[in-house]
Structures are given as structure tokens and as C-alpha cells.
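See structure below.
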Amino acid sequence: MRTRFIPQFFLVMLILVLTACSSSDNSTPYTNTATQMTAYIEQQMAQHNIQGLSIALVDGQNVVWTQGFGYADAQSNTPSTPDTLYEIASISKTFTAAMIMQLVEQNLVRLDDPLINYIPAFSMNPTLGAFPFPDGTVTIRSILTHHSGIPGDLLNANLARVRYPNYNSQLLNELQTDYASYPVDFASAYSNTAISFLADVIEAASAKTFEAFSDTLLDQIGMTRSSFFRDSPRLTGVPAKGYSGGQPYGPFYQNTPASGGIISSASDMAKYLKMMIAGGIGEGGQVLGSQSMTTMLTRQNSAVLLDLDTQAGLVWTLSDAGLDYAGHLCTHDGSTVLFNASLFVLRDYGLGVVVLSNSREGLGVVAAIARQTLKLALEAKTGIKPPPPLPSPVFSPPAAWTQAQLDGLAGIYVSADNYHVVDSQGQPGALLLKLNAGTIPGPGGVIIPRQNGRFSPPATQEFEIEFTNISGRTVMIDHEQGRRNMLGELFIPVPLSAAWMARLGTYTITNLNPEDYCWYVPAEARLTPLTLALKYQDGVLVMERVGFFTSRSVLNPVSDTLAYLRGLGRNLGSAVRIVTVDGHEELQFLDVRYRKN
């Protein structure tokens with residue numbers, strides 16, 4: 001933290017500026033909430049090197065607390081305020097869903113219409129894995145619930161130094177030679193790519209540009225200083241710079257605006273919270289009817305067994321482990337790497353909060369701040385406190401399993417970012433569990449069978465592991481604090497051909513757009529790593545990528561030139577293709593290619 005001498009006059013002026021960055025209604029019971037959260041936010045920002053942050057707390061139709069912290073621009077000492085403009089990232093998807101529902105109300109769109117009705121050029125190859133039912137038809141509803149099977153992150157120049165108005169045409173061209181990840185409604189797989197196509201649906205159905213239609217929606221809500229487009233004249237506030245490691249980068253254009261383009265402020269987002277709490281009524285009148293609101297916030301994935309306890313509405317998430325005691329809620333987070341945002345609405349109590357930050361290090365922190373703010377606000381308004389942690393599960397005595405039974409569970413279990421090794425030979429009568437291939441500390445080690453059919457460490461049942469079969473997949477599930485979390489899917493390794501063995505080694509990207517943001521930020525901020533490695537370890541072929549997310553994806557070859565990522569989740573199921581470019585073999589994953597060093 002920098003310190004410097006400030007003359008008395010400038011110190012007084014600084015106090016006045018900082019006071020203007022905060023407001024709360026002292027007639028409400030939220031003064032203590034603001035006081036406690038101010039200390040918490042300042043502590044979190046210092047701990048995680050977050051440069052700037054703004055928050056708004058809404059009760060009914062009143063903004064009861066809003067405040068800016070830190071800097072919108074640390075180099076010029078420009079403070080963050082409630083009016084500072086941030087990228088709200090994937091929270092934009094909830095606005096896109098609202099526009100689709102407006103078209104549903106006008107009988108211009110039906111949720112179960114095939115996507116191809118609006119985008120005739122849309123096509124992709126069938127899935128590569130074995131599934132218990134056929135691929136099915138990609139519909140508007142399946143896109144809004146992230147169950148379309150469209151590969152999730154075709155990101156080449158998605159964030160870039162320039163705006164590409166026809167970016168979706170590039171995505172359509174890429175998909176025509178790519179493969180679906182899963183059949184429709186097989187498993188949840190977050191897809192920015194799929195949501196981006198809803199801009200074309202909106203244009204085709206409304207006969208208006210996406211920009212014009214979205215501006216109208218924002219005006220109806222009262223968000224007159226927000227836009228899906230960085231170069232819009234609507235954006236009259238002070239924009240926050242984006243930071244990683246305390247250094248500024250950007251700005252960058254979001255070329256899939258429907259999936260993550262909105263730039264807004266805590267003040268404008270408070271109006272969105274009020275619209276959600278009011279059941280679809282904004283400052284400009286009725287934005288959405290009650291039936292549309294109900295549909296949007298009703299669970300859509302109850303029949304998708306592999307989703308476990310995740311409750312998905314139309315784009316909205318309807319459950320949260322930290323706030324499930326607070327009745328019906330809806331929530332969404334967002335990240336454009338340098339910016340992070342989180343929004344929660346407690347629908348039964350008319351409380352909502354939004355937290356916006358301008359630093360890569362804010363990932364996860366903004367959601368924790370939003371969650372804690374609502375816990376305190378709910379207690380202040382109603383007296384309802386968070387329940388104590390659930391007691392340990394009812395004690396289940398150890399069970400005696402045969403070696404054959406234990407051997408039947410051993411193997412590689414593939415997760416979203418890594419894989420887990422279950423060994424049945426290292427401990428008599430038990431299993432050895434190595435989470436994340438031993439790279440990340442976790443609840444691993446010896447787990448013993450219990451009479452309730454689950455496994456847990458010998459000395460505790462705070463977490464329990466269940467091995468079961470769901471939708472034709474053998475999966476490993478963690479039971480903890482009353483919730484089920486997917487740990488991985490069993491993968492039986494297939495023999496590697498000489499062609500794949502010869503490809504082991506490191507690779508460098510060859511076709512990343514020169515305007516893509518990844519060229520201009522440090523490695524830890526790159527969603528698309530500039531290098532990757534193919535490795536053979538633990539008896540499986542692994543594609544390792546290190547960047548904003550570090551992943552060790554297990555590949556399932558289906559031929560000498562085609563494989564796909566095993567597991568359940570975002571980008572898994574996606575194809576890895578060997579293509580020839582200028583006489584050289586390259587590895588293509590999604591819309592980027594790599595050549596062996």
C-alpha cells in the first residue's frame with residue numbers, strides 16, 4: 001500500500017469524495033450490515049489485491065446501501081463509486097434470457113423451437129461418446145439451461161482489442177466441422193457459445209438489431225447508462241480499468257455480447273434488482289409478465305439426473321449452498337477475467353445484492369461478499385440467522401467388502417479440471433483416493449466402506465463418497481453438508497495407438513487472432529493458453545493446459561486423428577482433432593490449433 005503526505009486541504013477534499021462514494025438509509029436496519037461488510041470488504045480487497053469494488057444492497061424498491069471501495073483507476077487515484085462502470089460478464093446472460101421471454105410473450109419465439117428455425121446455418125457433427133439416448137434437437141430452452149450440447153468456449157478473439165460485429169458467423173463456421181459435446185439434456189455443460197447465438201435469435205424474431213432491442217430492455221428497467229456494447233454512447237460514467245496482479249490491462253471488446261457483454265454500474269444494477277424483486281416491473285413499466293418470470297425462475301432440469309442438486313432455471317441458478325436456508329433465490333456470477341461480478345436475489349424476502357470488481361483476483365471473492373451481505377441483511381430485516389452446520393451423518397459402522405467388490409470401484413475418475421485415482425490395492429479392506437491426481441490438496445487418503453453403502457475416512461464422516469451409476473455413467477459423488485457434488489466419472493483407459501504416442505510433448509498455438517486479449521495479458525489471465533502439453537500418465541492420455549484455469553483433461557481417442565475429452569461438465573465431451581495445415585500436423589481443440597514444438 002502506498003503512503004504519501006497529503007496537505008490538510010486535500011485531505012479534507014479526499015474525505016468529501018470518499019463520503020460521496022457511499023450511501024445508506026440510516027432509517028433502515030442495515031447500518032450494522034454496512035458497517036460489518038465495509039470491514040469485511042476492505043479486508044478481502046487487501047488480502048486478494050483487488051483494486052476496485054462497488055456494491056449495492058436493495059430491499060424491495062429501496063436501495064438501502066451502496067458504496068465504492070478502492071480505485072476505478074489506481075494510477076490516477078480515481079476512486080470506485082456506485083456509478084463506476086464495470087464489465088458484469090455472464091450476468092448479462094440473465095438479460096438475454098429476459099429478452100427471449102419478451103419475444104415469447106409476443107408469440108415471436110417458443111422456448112421449445114429448434115435453434116435452426118432462427119439460424120438455418122447452424123449445424124454440428126454428432127457426439128463422439130456412447131450415450132443412452134440420441135443427440136436430440138438443440139432448442140432455445142436447452143440453450144437457456146446449458147443443456148444444448150454445443151461446445152462451451154469457442155474463444156478465439158471472443159475478448160479482443162477490436163469489435164467484430166460478425167463474430168457469430170465465425171462461430172457457426174467453426175461448429176460445422178466440430179462435434180456436439182453431449183446429447184441435449186444429458187448433463188449440464190455451461191456454454192458461452194450457445195448463449196451467444198441467442199443474439200441472432202432475437203434479431204431474427206424481432207426484425208431489430210440486438211443492440212436496439214437490448215437498449216430498449218435496459219431503458220424499460222431504468223438502466224439508461226448501461227449497454228451490451230463498449231462503444232455505446234449510453235456509457236457516460238467513469239469506466240473502471242481491469243487489473244491482474246495490480247497492473248492495468250485492456251480495455252477489450254466482448255464479441256459475444258449476449259453471453260457476457262454488459263457494462264454497468266452498481267447504481268444501474270440496483271434498478272435491475274428492483275425489477276426482479278417487483279416481479280418484472282421496471283422504472284419504465286412492465287418488463288416481463290408474471291408468467292414469464294415464473295417460467296424463468298422455475299427449475300428446468302429436474303429430469304436430468306446427472307445434475308444432482310443443481311437447480312437451473314432459464315439461465316438463472318436457483319440454489320446456493322450458503323443461502324438455501326433463505327427460501328427461494330436466484331443468482332448468477334460473471335467473469336471476463338479482469339472483471340468479476342456476483343448477483344443474488346432472495347425472492348421470498350425482497351432482498352438483492354450485486355457486487356462488481358475490476359481485478360482478476362476478485363474471482364470467487366465477489367460471490368463470498370454478496371453472500372455474506374445477504375446473510376447479514378436477512379438477519380437485520382427478519383431476525384433469521386444462518387443455521388448451524390449440519391451435524392455429522394448418523395454414524396454408520398464399517399462394512400466388510402470383498403477385494404473383488406473394491407476392485408470393481410478402482411480406476412480413473414475424470415472431473416471438470418482434473419482426474420482422480422481410486423486404488424483398491426494399497427490398503428486391505430479399503431480404497432486409496434488421490435484427488436486431482438495428487439496435484440491439489442483435498443480430502444483424499446484412505447476411505448473405508450460403511451454399512452450405508454458409502455465410503456469415508458476411518459475417523460470421520462464429515463464427507464462421504466458414493467460410487468453409483470447414473471444415466472449409464474459410473475460416477476463418484478461427494479456428500480457433504482447435505483449436498484451432493486460430482487467428483488468424477490469412471491473412465492476405462494483405451495489402448496493408445498502409435499500415432500497418439502508419437503504426439504506426446506509440448507505444443508504452441510498457431511491460429512490465435514492477433515487482436516485476442518491473451519496476447520496482451522499475463523499467463524495467469526489467459527482463458528486460452530498459448531501452449532499445451534500431451535502427456536501419458538496413470539495409464540491415460542492427458543491434455544494439460546495452464547492459464548486462468550489449470551486443467552488436466554483425459555482424452556478418449558476414437559481413431560488415430562480424433563479424440564474427445566472425457567468427463568461431465570463445461571467443455572468436456574468436446575472433440576480434439578488432428579488436422580493438417582500447410583503440410584504440418586496440428587492439434588485442434590474448439591476453435592484454436594496447436595503445433596508440436
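When only modelled atom types and interatomic distance are considered, Arg299 and Asn301 share a side-chain donor-acceptor pair under 3.5 Å. Judged by distance alone, the side chains of Asn49 and Gln51 do bring a donor and an acceptor atom under 3.5 Å apart. Residues Asn158 and Thr256 bring a donor and an acceptor atom of their side chains to less than 3.5 Å of each other. In this model, a donor atom of one side chain and an acceptor atom of the other lie less than 3.5 Å apart for Asp153 and Asn571. In this structure, a donor-acceptor pair under 3.5 Å is present between the side chains of Ser497 and Asp560.
Residue pairs meeting the side chain to side chain donor-acceptor pair (under 3.5 Å) criterion with at least one partner in residues 524-533, sequence neighbours excluded, are absent. Sequence neighbours left out, the pairs with a member in residues 115-142 that pass salt bridge (Lys or Arg N to Asp or Glu O under 4.0 Å) are Asp112-Arg141. Applying the ring-ring contact (aromatic ring centres under 6.0 Å, His included) test to residues at least two apart or on different chains, the pairs with a partner in residues 146-175 are His146-Tyr190.
When atom types are taken as modelled, the side chain of Glu203 and the backbone of Phe210 share a donor-acceptor pair closer than 3.5 angstrom. Looking at Trp519, its side chain does come within 3.5 Å of a backbone N or O of Asn513 through a donor-acceptor pair. Formation of a donor-acceptor pair under 3.5 Å by the Gln247 side chain with backbone atoms of Ser244 is not found in this model. A donor-acceptor pair under 3.5 Å is formed between the side chain of Trp500 and the backbone N or O of Ser559. Looking at Thr474, its side chain never comes within 3.5 Å of a backbone N or O of Leu490 through a donor-acceptor pair. Of the possible polar contacts, one joining the Thr139 side chain to the Ser142 backbone as a donor-acceptor pair under 3.5 Å is found. The backbone N or O of Phe339 lies less than 3.5 Å from no partner atom in the side chain of Glu87, so there is not a single donor-acceptor pair. For the pair Asn511 (side chain) and Arg593 (backbone), a donor-acceptor distance under 3.5 Å is present. Panel note: side chain Tyr182, backbone Gly569; a donor-acceptor pair is recorded below 3.5 Å. At least one donor-acceptor pair closer than 3.5 Å links the side chain of Asp307 to the backbone N or O of Ser188.
Within the 4.5 Å cutoff, side-chain heavy atoms of Leu308 are placed close to those of Ile477. Side-chain contact between Asp178 and Met124 is absent, with no heavy atoms from C-beta onward closer than 4.5 Å. Using a 4.5 Å heavy-atom threshold, the side chains of Phe95 and Ile88 count as touching. Using a 4.5 Å heavy-atom cutoff, the side chains of Thr506 and Lys596 are not in contact. With contacts defined as side-chain heavy-atom distances shorter than 4.5 Å, the pair Asn556/Val494 qualifies. The side-chain heavy atoms of Phe252 and Gln254, taken from C-beta on, include no pair separated by under 4.5 Å. Using a 4.5 Å cut-off on side-chain heavy atoms (C-beta onward), Thr561 and Glu585 make no contact. Tyr507 places a side-chain heavy atom less than 4.5 Å from the side chain of Leu534.
Between Tyr249 and Tyr517, the distance from one ring center to the other does not fall under 6.0 angstrom. Residues Tyr419 and Phe491 keep their aromatic ring centres 6.0 Å or farther apart. Here the two rings, on Phe229 and Tyr253, have centers that are 6.0 Å apart or farther. Remark: aromatic rings of Phe131 and Phe186 are close, center separation under 6.0 Å.
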Q.
Working note: Thr510 + Arg595, criterion side-chain hydrogen bond (donor to acceptor under 3.5 Å, both in side chains); need CA distance, chi angles, decisive distance, verdict.
A. CA-CA 7 Å; Thr510 62; Arg595 184 176 296 177; 5.7 Å; no

Please evaluate residues Lys434 and Asp423 with respect to the criterion salt bridge (Lys or Arg N to Asp or Glu O under 4.0 Å), reporting the C-alpha separation (whole Å), side-chain torsions for both, the decisive distance (0.1 Å), and the verdict.
CA-CA 8 Å; Lys434 186 167 68 172; Asp423 179 9; over 6 Å; no

Going through the distances and angles, do Leu555 and Arg566 end up as a side-chain contact (heavy atoms from CB on, under 4.5 Å)?
-> CA-CA 6 Å; Leu555 270 62; Arg566 286 300 298 263; over 6 Å; no

**Prompt:** Stepwise, does the salt bridge (Lys or Arg N to Asp or Glu O under 4.0 Å) test hold for Arg484 with Asp478?
**Reply:** CA-CA 6 Å; Arg484 299 176 299 162; Asp478 168 33; over 6 Å; no

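Listed by chain and residue number, nothing satisfies the side chain to side chain donor-acceptor pair (under 3.5 Å) test with Gln176 (two or more places apart in sequence, or in another chain). Scored by the side-chain contact (heavy atoms from CB on, under 4.5 Å) test, Glu464 finds Pro393, Asn452, Arg454, Ser456, Gln461, His479 as partners (sequence neighbours excluded). With sequence neighbours left out, the side-chain contact (heavy atoms from CB on, under 4.5 Å) criterion links Asp407 to Gln403, Ser424, Gln425.
Nearest heavy-atom pair across Ile470 and Leu305 is CG2-CB, 3.5 Å.
Under a 4.0 Å N-O distance rule, the pair Asp417/Arg552 does not qualify as a salt bridge.
Heavy-atom neighbours of Asp582 CG from other residues, nucleotides or ligands within 6.0 Å: at or below the threshold of 12.
Checked against Ile143 for a side-chain contact (heavy atoms from CB on, under 4.5 Å), the options Thr193, Leu115, Ile100, Thr96 give a single hit: Leu115. Looking at Asn156, Ile150, Leu154 one by one, the single match for side-chain contact (heavy atoms from CB on, under 4.5 Å) with Leu171 turns out to be Leu154.
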